[in-house]
Amino acid sequence: MKADRKATAKPPTPSLFHAVRGRLLFGAGLSLVSSALGLLPYVAVAEIAKTLLTVDTPGRAVVGWLAVGVAGAAGRLGLLVAGNLLTHYVDADLQRQLRARLARHLSTVPLGWFSKKGSGELKKVLDDDIEDMHHLVAHAGLDVASAVGLPLAAIVYLVTVDWRMTLVTLALLPLAMLTISRAHRTLPVRMQQLVTAQQSINNATVEYVDGIQVIKAYRLTGRAWRRFSGAVDEFCDALAAWSAESGRALFASMALLSPAAVLVVVIGAGSAMISAGWLAPVDLLPFILVGVGLPAPYMTLVQGTQLLRKGKAAAGNVSAVLDEPSLPTVREPRMPSQWDIRFAAVDFGYDEHHQVLHHVDLHCPQGSVTALVGPSGSGKTTLTRLVPRFFDVTGGAIRIGEVDVRELAPGVLLRMVAVVFQDVVLVRDTIRENIRLGDPTAGDDEVEAAARAAQLHETILALPDGYDTVVTSRGGVLSGGERQRLTIARAILQDAPIVLLDEATASVDPDNEAAIQQALAELTKGRTLLVVAHRLHTIARADQIVVLDDGHVVGRGTHDELLNSAGKYARMWAAQYQLPRTEAAR
Ligand SMILES: Nc1ncnc2c1ncn2[C@@H]1O[C@H](COP(=O)(O)OP(=O)(O)OP(=O)(O)O)[C@@H](O)[C@H]1O
């Protein structure tokens, strides 16, 4: 396909931490030095004790070591604070950058992708996951550097005293690491179960809240509640399994690294070495003092492991959204010179196992009305959604004028094709701004003209705040029919040459129905219209009616032609209006 040849290659997604890596490494460096400096007070105490025990006039040496100890403690604290401030600042900066990156990226993924994602899942990525990365960004690097810095400095110092005792003192560290890493082997699986369960709760909550009116109206409270409480139960089970396993791992490492365990090992081995004449009694002091302080940074690291795993899982979710392929675009977009739509041998499937549309050939001449009819699930909605590229065809092509829709700039395509679909979506803003979404540059008078054409002006004026009435995403004060007319007003303002209309199945009262039909007549005047029709009488005057069955075109013609051919359309007409077949064919 032409569009493929010229498609711009997508640059690889930069890592989440790309922009802040340098600053994070610097923070970790500060933490490494801070942790190493933390050894100095222990060394000072050990050396002062040794001096007091072995030197006759210890005054100056004691003062010197005192100064080293104080300087070490102050240096450690200063660098610790600096490192923490830096990484927390970086974390705030990264959260801002990632939210902006996600927002930019989400505007480039195919619109159809959003229908696959629950809004709870997206909210979790944009809000919770980015916040859950806090430990990963602001603490993990510091903790790792700190767990490395102190043992390194300790090795350097203790080896100068006695290398054999150094090995004994440090022996518990690898043992603790081994214990915890074995216990942690199954934790990633548990963590993933926890994350999945959390997503189920989010989705169930959003669905429950969003659908509360339907749930109440149809007395589905019990069923919806069961789904919600099932998600909560699943989460509690996953949490219990995760806590039991992580608790065991934490307990084992804490026991191994507790001061009591370190003292038992150091004093036991030290006493044996003193008895054997390998170690001077006074040289045992540094090992006792340093040995007790050594596990502290490692314990911090262990305690942060859970948060680290949570942060990594969250970062994985954010990366997955950022890696979602953007809609392919061309370097040199083209602009059609006319506004007919041509489907040429269009194949499409939402996945490779289930083809929804088979070789659909269809021409909608400029300014004409084409109605799509067919049984539920035959692919009518899918076919219309391929025009503004909610999804791309898997075979064949859709052209507007002479141009493949994949060769139009996506923004231009969406401006040229107005969509009035069943699921009316409003944003939480005033009625005026909701209509203005059709053309953000429109003035108030143009907004009002569109509302007038959509038979909505009088209704809006009757509201206490008129055009400044704030509506919610569910419509708030507006009835179903009024919401539909609002989206029609929006489409009228958009003034697109092509209109895609998914006729509402929900019935509205006769007054509203008449107003909607009048509004639609205004919207579709002189435009190329592709309408998905459920109530056949509404499209009886369409220029052509196309009958879809299981993704195949099984009939086309005018209402009269199709009735006379006594095919699927005639049967549908007869069934819908309960006519005997012979009468339908007449
Ligand atoms: N987002 C989606 N992901 C996967 N499959 C889908 C998706 N949307 C629709 N389908 C499937 O594609 C097929 C065609 O659905 P489509 O909604 O296009 O039919 P339709 O003729 O418009 O039906 P209706 O009259 O009930 O609205 C169905 O089998 C449906 O289950």
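The figures here come from the full heavy-atom set of this structure, side chains too, leaving out hydrogens, waters and symmetry mates. In each ligand, atom 1 is the first atom listed, and ligand 1 is the first ligand listed. Note that the structure is a prediction, hence the values are computed from the model and not measured.
Under the side chain to side chain contact (heavy atoms under 4.5 Å, CB included) criterion, K568 pairs with P375, V547, D549, V554, R571, M572, not counting sequence neighbours. Residues meeting the salt bridge (charged side-chain N to carboxylate O under 4.0 Å, His left out) test with E446, sequence neighbours left out: none.
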Could you pull out every donor-acceptor pair under 3.5 Å between side chains of residues 448-463 and any protein atom, sequence neighbours left out?
| from | atom 1 | to | atom 2 | distance (Å) |
| --- | --- | --- | --- | --- |
| R452 | NH2 | H457 | NE2 | 3.2 |
| H457 | ND1 | Y467 | OH | 2.6 |

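Using a 4.0 Å cut-off between a side-chain N of Lys or Arg and a carboxylate O of Asp or Glu, R389 and E407 do not qualify as a salt bridge. Salt-bridge annotation for D444 and R432: present, with a side-chain N of the basic residue lying under 4.0 Å from a carboxylate O of the acidic one.
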Pick out the protein N or O atoms lying less than 3.5 Å from any N or O of ligand 1, and list each pair with its distance.
| from | atom 1 | to | atom 2 | distance (Å) |
| --- | --- | --- | --- | --- |
| ligand 1 | 8 (N) | Y350 | OH | 3.3 |
| ligand 1 | 18 (O) | T382 | N | 2.9 |
| ligand 1 | 18 (O) | T382 | OG1 | 2.4 |
| ligand 1 | 19 (O) | G379 | N | 3.3 |
| ligand 1 | 21 (O) | G377 | N | 3.4 |
| ligand 1 | 21 (O) | S378 | N | 3.1 |
| ligand 1 | 21 (O) | S378 | OG | 3.3 |
| ligand 1 | 21 (O) | G379 | N | 3.0 |
| ligand 1 | 21 (O) | K380 | N | 3.1 |
| ligand 1 | 21 (O) | K380 | NZ | 2.9 |
| ligand 1 | 22 (O) | T381 | N | 2.9 |
| ligand 1 | 22 (O) | T381 | OG1 | 2.6 |
| ligand 1 | 23 (O) | G377 | N | 2.8 |
| ligand 1 | 25 (O) | K380 | NZ | 2.9 |
| ligand 1 | 26 (O) | S376 | OG | 2.6 |

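The number of heavy atoms from other shown groups lying within 6.0 Å of NE2 (H359) does not exceed 12.
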